[in-house]
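A short worksheet on the structure shown next.
Note: hydrogens, waters and symmetry copies are ignored here, and every other heavy atom, side chains too, is used. Counting convention: from 1, in listed order, for ligands and their atoms alike.
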Amino acid sequence: MKQIALFEQGIDPTPIVEMSGDYGDNHYYIKREDMIPFSFGGNKARKAAEFYQEIKAAGADVVMTYGSNSSNHCRIIANMAAAMGLACHIISPEENREILYNTRLVENFGAVIETCPVTEVSQTIDRRIEAYKQEGRKPYFIMGGGHGNPGTRACVNTYREIAAYEEQTGVCFDYIFHASGTGTTQAGLVSGQLLTESARCKNGKKAGNQKIIGISIAREEARGREVVRQSIEEYLGDAYQALYREDALVFTDAYRMGGYGKYTQDVKKTIEAVMAKDGIPMDSTYVGKAFHGMKCYLKEHQIQGKNILFVHTGGTPLFFDLLDKE
Ligand SMILES: *Cc1c(COP(=O)(O)O)cnc(C)c1O
């Protein structure tokens, strides 16, 4: 099988393993979305696989997206476009132009990076799409972070893999934690749960009962939560009214630590401990920050003796950026 055909056949289920380190009085499992075998994996690779299908179906010849050129999303999309032999055009905010490993990768993939002030993003996107069309080209635009129904659908698959694991092993998770950014991952996990709630675990315990907890890495609670809810509504369509429950959606901003990219020394210590005890790299913008947030959440809510699943959403190149900072 060719590497890029990975996207045609659908992503193989990623491993779920029990963790070895001591992270508190619970049983900790981790789902390795970072091990999706394309461009360092992660949830952006999972989403990209869905967009791959859409790009092919549309017969597009330019893949466009929005995001910081140091983002995991832009790395994956630029890599996928290069692998497909298509041009890639990224609209990037002028602000926050840190050069990270992702930035260098995006440049190596030959993507065109167009910067503009944050306030002019949507006009710039519209203008560029129009310009390509005028030239007789076929652009396909992917929202920042792989937001939108294909991205949500990708993460519904993540939930289905978790449910299948529960069924096969008899292990039922009480909680699922993950880093929540644009909210697409959470929308997918929650939609997946709402769609499969009647399933049962092997041991007779009701499955699909996990509390899914999105740890916000940037957004404040009210807005962050509303974006997730909207994505769920958009994805479920007519089924939304019947299936949606407010209590299925937990989004906490208690561990934002001042916002996007910010983290504390305790986060760094947690990242070092996970690497040392489990050999799993985590970054400080998303995964390590959320894993640390999860530890705090469990402690603050006095949760003990439960089966906890943490979804590792990727971002491996950012792990090396953190190492460079010492
Ligand atoms: C984008 C990203 C997230 C957040 O996912 P959303 O679907 O945007 O909420 C989490 N972890 C990593 C490593 C990411 O790159």
For ligand 1, the portion of Thr182 having any non-hydrogen atom under 4.0 Å away: both

Could you check atom 5 (O) of ligand 1 against the protein and tell me its nearest heavy-atom contact, residue, atom and distance included? Asn43 ND2, 3.0 Å

What part of Thr285 sits under 4.0 Å from ligand 1 if we count only heavy atoms: the side chain, the backbone, both or neither? neither

Among protein heavy atoms, which sits nearest to atom 1 (C) of ligand 1, and what does the distance come to when rounded to 0.1 Å? Lys44 NZ, 1.4 Å

Would you confirm whether Glu166, through its side chain, and Phe173, through its main-chain N or O, come within 3.5 Å as a donor-acceptor pair? yes

Can you tell me which residue among Asn102, Thr182, Asn43, Thr65 is in a side chain to side chain donor-acceptor pair (under 3.5 Å) with His73? Thr65

Who's the nearest protein heavy-atom neighbour of atom 11 (N) of ligand 1, and how far? Thr313 OG1, 2.6 Å

Against heavy atoms of Lys47, which atoms of ligand 1 measure under 4.0 Å? 6 (P), 7 (O), 8 (O)

Hey, is Gly314 one of the residues with a heavy atom under 4.0 angstrom from ligand 1? yes

Can Gly42 be said to touch ligand 1, with heavy atoms closer than 4.0 Å? no

Ligand 1 versus Gln186: contacting region, heavy-atom distance under 4.0 Å: neither

Report, in ascending order of atom number, the atoms of ligand 1 lying under 4.0 Å from any heavy atom of Ala179. 4 (C), 10 (C)

Write out the residue and atom name of the closest protein heavy atom to atom 9 (O) of ligand 1, then the distance separating them to 0.1 Å. Gly181 N, 2.7 Å

